[in-house]
S.K.: 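I have a structure here, written as structure tokens, and I will follow up with some questions on it.
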Amino acid sequence: MAANTHLIVDKETNNWFKACIGLNVTKEGLTNFLCAELQKVHTVVGKSCGNCPIENLIQCPTNPYCNNRKRNYCPFHNSKIPQPCPICDNIKDNIILHHKYGGPSWRNTRAKKWALNYWEIGKCYLPPDGYSIISSVQESDFNGVISIMLNCLHFQTCLSPLCLSPPPPDKQCPLEKVRQIGRDVRHTSDCKVTDADLQDYFKTLSTLLADPQYLQHDPSAIIACTRLSDLQNDRMSFEELGKLLKEVNQTLEEAKKTGKRFSEMAERTLSKHLQKMDATNQLGLIRLKKKTTVGEQRLHSKTKVGEHRLERKTPFGAQIIESRTQYGEQRIEKKTNDADQCIDSKVHNGTQRIEISVQHGIERMQQAANKTAQADYERDVEDFRRRLVEHYNDTSSNVPLSVLDQSLDKRITDIFATPKMHRFDIASDGKRVKKEQVLTYKELFYTGDTKSNRRVYVQGEPGSGKSTFAAKLVHDWCDENRPSTTAPNKNASFDDVLLIQNFQFIFFLSLGESRGQTEVTHMIKKQIIDTMYSEEKRDVMYTLLLKIIETEICLVIRDGLDEWLAPDGSNLAEPSMAGFPKDKCAVLTTSRPWKLADERIKNSRIDILVEIEGISDSDTFCERVLRCKHDKSKDLKTTAREIRSFIGKRRLTSLSNSPMLYTLVICTWVDTMEEEEHLNGSSLCALYTTFLESLCKKANDTTGFFNDLHPPHVKCFSRTSYLRPIIQNVDVISKAAFNLLFSPEKEVY
């Protein structure tokens with residue numbers, strides 16, 4: 001997003017501000033180029049011995065470094081006697097040869113580092129003062145970078161005539177103009193730049209950065225040239241502008257120092273002129289005295305009247321001179337004071353205006369950045385919600401029709417039937433009393449009209465439809481208007497889907513897939529985020545998730561609490577909801593009843609407890625399952641009547657409490673319709689044997705039969721074809737099922 005660089009109301013002050021930023025951008029664009037070329041200079045100049053300080057290599061006295069006003073003491077050499085070193089002297093001579101004016105800035109450099117540090121060689125071409133502590137090109141300022149390019153002869157081979165014609169120090173030289181731009185911007189007293197000057201500045205700086213010799217192909221120079229264009233046309237981003245604002249502060253500090261130096265310079269100039277005037281007055285007095293003496297000698301022979309007249313005029317003339325001298329001194333002193341006050345006032349007012357304008361600009365940038373951050377957050381949240389809906393449509397909106405064939409899945413809206421669900425009251429003594437039937441989402445998530453149930457527990461026996469109900473809830477949240485692929489659902493229960501839409505996010509977790517994990521946030525990352533996003537984006541999206549659960553209304557569905565195991569050494573009865581604010585998050589947990597009898601799950605932590613006892617309308621459910629399996633060439637109503645008759649005769653109606661088993665009966669009946677005898681067994685044992693053989697057939701299609709030598713364990717097994725080859729496995733599984741079903745560690749509900 002582009003930032004508005006009109007941060008300051010005054011147009012010309014804003015231009016000066018943009019010029020400061022432009023200088024910093026240009027300096028950054030030249031940095032890599034300067035480093036690369038200085039390394040070449042270092043190679044040509046050579047490497048020193050690394051032991052000689054600069055004082056050893058400079059003869060004493062050498063102007064302007066040595067000051068011999070004090071006998072036998074030089075502040076530059078500090079009592080060190082210069083010692084010749086052939087290697088370092090050769091390096092010194094090469095540095096001088098590469099200096100355009102033959103006068104390197106020896107005070108800036110540390111000769112001991114000439115061997116390894118090319119920057120110490122480059123510092124010899126900087127201005128003489130203020131750069132001794134600068135340790136790299138990056139720390140140097142704009143003036144230093146341009147000075148090196150002007151003073152070091154090597155750079156005349158790196159720039160085209162476009163930047164060096166006429167050659168420096170001609171003021172019309174483009175590179176000299178670049179240096180002058182830096183001086184004009186830094187040393188201005190009012191911090192103002194006209195529109196025309198600003199456009200000329202940008203043009204001159206862009207010309208340098210686009211020099212065809214080398215810079216035109218330098219990546220940093222190319223970026224800087226683009227940023228200059230963005231700055232000139234107000235296209236610079238907030239991030240770049242914010243970074244450069246810090247660098248402009250340094251320019252402001254230089255402006256303050258410049259104003260102070262200007263004031264001191266003016267004071268010294270005025271003082272110098274005052275001293276000159278005093279000397280002139282003294283000379284006048286001497287001349288007057290001489291002429292008076294000559295006059296006295298010439299008039300000595302004249303009359304005493306002449307002497308008296310002369311005596312009267314001499315004091316009078318002295319008074320006039322003294323009076324005029326005092327008047328001149330007073331005027332000079334007054335103008336000096338006025339000039340100091342004017343300079344101080346302008347520097348102070350200008351600095352104050354700039355600081356206020358910069359502060360206002362920063363505040364506006366911060367406000368704009370906050371708006372941008374909020375817009376980015378809302379966009380990321382919307383994208384995350386869209387991906388989450390797509391994820392659920394792929395993973396939760398289809399459920400297997402039968403456990404006999406997990407690949408045969410159908411849309412949940414095609415087979416879902418209203419569950420038989422009742423609310424349970426928890427009495428003061430801990431007893432749980434069955435109450436009214438629950439038919440809407442509102443009755444599930446609210447008690448009365450105002451109190452929200454933040455901790456909802458849904459219990460039910462295996463196969464009663466707990467997971468299917470949770471999946472239907474997720475489907476309703478994803479798209480309450482999604483059409484069914486077959487007949488519409490005639491059930492009016494749980495049709496208040498707008499209430500579910502109040503949740504900004506629903507996180508559907510299968511606790512059986514997160515055994516050993518304790519934090520729900522980690523489960524969401526593993527089961528949802530790691531599934532939806534590539535590896536490089538997962539950490540970013542997990543950070544977004546933590547922000548979402550703190551700010552958005554969420555529902556967490558923990559499906560299958562009885563299938564979850566805490567890690568070794570943990571005493572948790574259920575996964576931790578750490579990080580989820582209570583006023584922002586609701587939790588729906590499904591489980592078998594024995595798990596919710598765990599004394600570690602406190603009754604006070606259960607806002608509502610409901611139990612699913614199968615389906616409300618078994619006939620409607622039967623028709624829905626048949627519609628998914630039935631051959632369209634046969635009449636659906638006739639088939640439905642036949643299977644209902646079969647279920648009634650075999651007294652299997654009670655299986656409607658377990659939609660899983662009820663579906664098994666229907667699917668098995670349909671699959672064996674063409675057989676001569678299908679499901680003729682009159683007992684549940686015979687029916688379960690059919691189920692078991694169907695499962696074994698999928699695992700191993702080898703046939704085998706029981707006989708007198710190998711009699712069956714159960715009479716119903718005698719007519720099977722697929723149990724005999726794997727009967728040992730069936731025995732082992734049977735023992736495991738028995739031990740798990742009647743485990744002494746499981747509390748009875």
Side-chain angles (χ1 to χ4, degrees), residues 23 26-46 48 54 57-58 62-65 76 88-111 113-114 117-187 204-205 207-209 211 213-215 218 221 254:
L23 292 177
T26 304
K27 180 248 177 182
E28 289 182 3
L30 295 172
T31 297
N32 288 345
F33 164 73
L34 197 73
C35 290
E37 297 306 320
L38 284 179
Q39 291 177 27
K40 296 178 183 178
V41 173
H42 189 204
T43 302
V44 174
V45 168
S48 66
I54 188 63
L57 307 177
I58 306 299
T62 298
N63 286 327
Y65 309 107
F76 178 73
C88 295
D89 285 341
N90 184 54
I91 303 302
K92 181 189 70 173
D93 293 340
N94 288 337
I95 292 173
I96 295 173
L97 289 174
H98 277 77
H99 198 286
K100 183 175 180 63
Y101 306 103
S105 302
W106 301 123
R107 190 178 283 113
N108 286 334
T109 188
R110 289 171 291 183
K113 295 191 175 184
W114 285 353
N117 193 339
Y118 66 87
W119 174 241
E120 292 298 330
I121 300 292
K123 287 167 68 175
C124 297
Y125 305 100
L126 287 167
D129 297 317
Y131 291 89
S132 60
I133 62 173
I134 302 300
S135 61
S136 66
V137 178
Q138 289 76 11
E139 291 184 13
S140 182
D141 60 5
F142 178 82
N143 183 57
V145 170
I146 301 301
S147 294
I148 291 176
M149 296 175 65
L150 283 168
N151 293 334
C152 183
L153 293 174
H154 170 78
F155 286 90
Q156 292 187 4
T157 65
C158 304
L159 297 173
S160 69
L162 192 65
C163 290
L164 294 174
S165 180
D170 193 309
K171 297 301 181 183
Q172 297 304 313
C173 173
L175 194 57
E176 286 283 359
K177 288 183 178 181
V178 170
R179 177 160 65 177
Q180 189 59 41
I181 290 173
R183 291 173 176 173
D184 292 343
V185 172
R186 292 198 318 275
H187 299 161
T204 304
L205 296 176
T207 300
L208 173 61
L209 289 171
D211 185 79
Q213 189 80 359
Y214 286 112
L215 287 170
D218 184 80
E254 286 192 25

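Just so you know, residue 1 is the first one in the sequence shown, and it goes up from there.
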S.K.: What's the spacing between Glu139 CD and Ile133 CD1 if we round to 0.5 Å?
M.R.: 8.5 Å

S.K.: Kindly say whether Ser160 contributes a backbone atom to a donor-acceptor pair with the side chain of Asp211 at under 3.5 angstrom?
M.R.: yes

S.K.: Decide yes or no for Leu208 and Ile146: does some side-chain heavy atom of the first lie under 4.5 Å from some side-chain heavy atom of the second?
M.R.: yes

S.K.: So, the side chain of Lys27 versus the backbone of Asn143: is there a donor-acceptor pair under 3.5 Å, distance only?
M.R.: no

S.K.: With a distance cut-off below 6.0 Å to the six-membered ring centre and an angular limit of 45° from the axis, does Lys40 pair with Tyr214 as a cation-pi contact?
M.R.: yes

S.K.: I'd like to know if the side chain of Thr157 reaches the main chain of His154, judged simply by a donor and an acceptor atom lying under 3.5 Å from each other, with no hydrogens or angles considered.
M.R.: yes

S.K.: With a 4.5 Å cut-off on side-chain heavy atoms, are Leu150 and Phe155 touching?
M.R.: no

S.K.: Do we see a donor-acceptor contact under 3.5 Å between the side chains of Ser132 and Asn108?
M.R.: no

S.K.: Do Lys100 and Pro168 come within less than 4.5 Å of each other through their side chains, counting heavy atoms only?
M.R.: yes

S.K.: Atom CD of Glu37 and atom CG of Asn32: how far apart are they, to the nearest 0.5 Å?
M.R.: 11.5 Å

S.K.: Check whether any side-chain heavy atom of Tyr125 sits under 4.5 Å from a side-chain heavy atom of Ile95, and report yes or no.
M.R.: yes

S.K.: Are any non-hydrogen side-chain atoms of Met149 and Leu30 less than 4.5 angstrom apart?
M.R.: yes

S.K.: Can a donor-acceptor pair be found, under 3.5 Å and without considering hydrogens, that links the side chain of His42 to the backbone of Leu38?
M.R.: no

S.K.: Could you state the interatomic distance from NZ (Lys171) to CD (Glu176), rounded to the nearest 0.5 Å?
M.R.: 5.5 Å

S.K.: Heavy atoms, side chains only, cut-off 4.5 Å: are Val178 and Phe142 in contact?
M.R.: yes

S.K.: Quick one: NZ on Lys123 to CH2 on Trp106, what's the gap to the nearest 0.5 Å?
M.R.: 13.5 Å

S.K.: Can you check whether Ile121 reaches Val41 side chain to side chain, under 4.5 Å on heavy atoms?
M.R.: yes

S.K.: Can you tell me how far apart SG (Cys163) and CG (Leu215) are? Round to the nearest 0.5 Å.
M.R.: 7.5 Å

S.K.: Evaluate the criterion side-chain hydrogen bond (donor to acceptor under 3.5 Å, both in side chains) for residue pair Ser140 and Trp119; output intermediate values, then yes/no.
M.R.: CA-CA 11 Å; Ser140 182; Trp119 174 241; over 6 Å; no

S.K.: Can you measure from CD1 (Ile96) to NE2 (His99) and round to the nearest 0.5 angstrom?
M.R.: 9.5 Å

S.K.: So Pro169 and Tyr101, do their side chains get closer than 4.5 Å, heavy atoms only?
M.R.: yes

S.K.: Identify the residue among His187, Gln180, Arg186 that makes a side-chain hydrogen bond (donor to acceptor under 3.5 Å, both in side chains) with Asp184.
M.R.: Gln180

